[in-house]
Colleague: 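Take a look at this one; I'll ask things after.
Scope of the values below: all heavy atoms of this structure, side chains included, with no hydrogens, waters or symmetry mates. Nothing fancy with the numbering, it's 1 onward along the sequence.
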Amino acid sequence: MPFGRVAIITAVVILAFGCASTRQDGSRSRAAAQVEVERAVKEFLNAFERLDWQKFTAAFEDGATVFFPVPEPPNRFTGRSEFEPQFQKVFAAIRASNPGGPPYHQLKPEDLTVEVLADDVALASFHLRNDQRTARRTLVLVRTDNKWLIHHLHASNVPKE
């Protein structure tokens with residue numbers, strides 16, 4: 001076999017094994033990212049249960065966008081200067097309705113799914129249920145400085161059937 005052909009075959013084999021190992025590493029990275037995102041979502045919900053303002057707001061990117069559920073205003077809130085004052089109103093209403101906390105309410109995510117879309121982007125969705133409604137939540141998270149932050153939160157509620 002001529003030397004050039006051997007070199008090409010060797011290069012193809014090395015590339016094939018290299019690609020296979022990258023896929024395996026990528027799968028492990030995606031699995032690790034999924035666990036990290038699930039942890040970030042649960043930490044965010046725990047901060048919300050406890051109305052821990054500092055931990056709660058630290059879960060968001062500065063430029064994050066939020067759609068609040070009814071009865072909140074229907075428009076999109078963009079950036080901390082818009083969404084934080086609205087969340088402060090939400091926190092005050094929750095504290096007023098349950099002064100015995102923390103925790104001020106129970107947020108147990110059901111049907112939590114996490115899809116890692118890229119190395120630094122993930123989508124999480126889940127339901128929160130109570131006697132009156134099913135709350136549907138979708139979070140788009142981005143990894144910044146090895147921390148998963150909320151880039152977008154979409155919240156909607158439907159009455160319980």
Colleague: By side chain to side chain donor-acceptor pair (under 3.5 Å), which residues pair with Thr57, not counting sequence neighbours?
Modeller: none
Colleague: About how many Å separate CG of Leu149 and OG1 of Thr144, when rounded to the nearest 0.5 Å?
Modeller: 5.0 Å
Colleague: Answer with yes or no whether the hydrophobic clustering places Phe83 together with Val90; edges join I, L, V, M, F, W, Y residues whose side-chain heavy atoms lie under 4.5 Å apart.
Modeller: yes
Colleague: Would you please name every residue forming a side chain to side chain donor-acceptor pair (under 3.5 Å) with Gln86, sequence neighbours left out?
Modeller: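 Only Glu72 meet the side chain to side chain donor-acceptor pair (under 3.5 Å) criterion with Gln86.
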Colleague: With clusters defined by side-chain heavy atoms of hydrophobic residues (ILVMFWY) lying less than 4.5 Å apart, directly or transitively, does Val142 cluster with Val41?
Modeller: no
Colleague: Using atom types as modelled and distance alone, determine if a side-chain donor or acceptor of Asp145 lies under 3.5 Å from a backbone N or O of Lys147.
Modeller: no
Colleague: List the residues meeting side chain to side chain donor-acceptor pair (under 3.5 Å) with Gln34, not counting sequence neighbours, and say none if there are none.
Modeller: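 Once residues adjacent in sequence are excluded, Gln34 has no partner under the side chain to side chain donor-acceptor pair (under 3.5 Å) criterion.
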Colleague: For the residue pair Arg133 and Pro159, establish whether any side-chain heavy-atom pair is separated by less than 4.5 Å.
Modeller: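 No; the side chains remain at least 4.5 Å from each other.
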Colleague: Measure the shortest side-chain to side-chain distance between Leu128 and Lys108 over non-hydrogen atoms and say whether it is less than 4.5 angstrom.
Modeller: no
Colleague: Name all pairs fulfilling the side-chain hydrogen bond (donor to acceptor under 3.5 Å, both in side chains) condition that reach into residues 58-67, sequence neighbours left out, sorted by first residue then second.
Modeller: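 Qualifying pairs, neighbours excluded: Glu61-His151, Asp62-Arg80, Thr65-His152.
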Colleague: Kindly list each side-chain donor-acceptor pair under 3.5 angstrom involving residues 45-55, sequence neighbours excluded, with atom names and distances?
Modeller:
from: Glu49; atom 1: OE2; to: Leu107; atom 2: N; distance (Å): 2.7
from: Asp52; atom 1: OD1; to: Gln54; atom 2: N; distance (Å): 3.4
from: Asp52; atom 1: OD1; to: Lys55; atom 2: N; distance (Å): 3.2

Colleague: Got a sec, which residues hit salt bridge (charged side-chain N to carboxylate O under 4.0 Å, His left out) with Arg137, two or more places apart in sequence or on another chain?
Modeller: none
Colleague: Under 4.5 Å between side-chain heavy atoms, hopping through other hydrophobics if needed: is there a path connecting Phe91 to Phe44?
Modeller: yes
Colleague: Which heavy atom of Pro74 sits nearest to which heavy atom of Phe67, and what is that distance?
Modeller: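 Nearest pair, atom of Pro74 first, then Phe67: O-CD2, 4.1 Å.
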Colleague: Under the salt bridge (Lys or Arg N to Asp or Glu O under 4.0 Å) definition, can you give me all pairs with a residue in residues 31-42, not counting sequence neighbours?
Modeller: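 Found Glu36-Arg143.
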Colleague: Mind jotting down which residue pairs meet the side-chain hydrogen bond (donor to acceptor under 3.5 Å, both in side chains) criterion with at least one end in residues 89-104? Sequence neighbours excluded, please.
Modeller: none
Colleague: Quick check: Phe87 with Phe60 (ring centres under 6.0 Å apart)?
Modeller: yes
Colleague: Counting only pairs under 3.5 Å, give me each side-chain donor-acceptor contact of residues 112-123, with atom names and distances, residues two or more places apart or in other chains.
Modeller:
from: Thr113; atom 1: OG1; to: Ser125; atom 2: OG; distance (Å): 3.0

Colleague: I need the full list of ring-ring contact (aromatic ring centres under 6.0 Å, His included) pairs touching residues 111-136, with sequence neighbours left out, sorted by first then second residue.
Modeller: none
Colleague: Using salt bridge (charged side-chain N to carboxylate O under 4.0 Å, His left out) as the criterion, list what pairs up with Arg129, not counting sequence neighbours.
Modeller: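 Partners of Arg129 under the salt bridge (charged side-chain N to carboxylate O under 4.0 Å, His left out) test: Glu110, Asp111.
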Colleague: For Asn75, give me all partners under side chain to side chain contact (heavy atoms under 4.5 Å, CB included), at least two apart in sequence or on another chain.
Modeller: Pro73, Phe77
Colleague: Treat each ILVMFWY residue as a node, draw an edge where side-chain heavy atoms are under 4.5 Å apart, and state whether Ile94 and Leu153 are in one component.
Modeller: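 As far as the 4.5 Å side-chain criterion goes, Leu153 and Ile94 are connected within one cluster.
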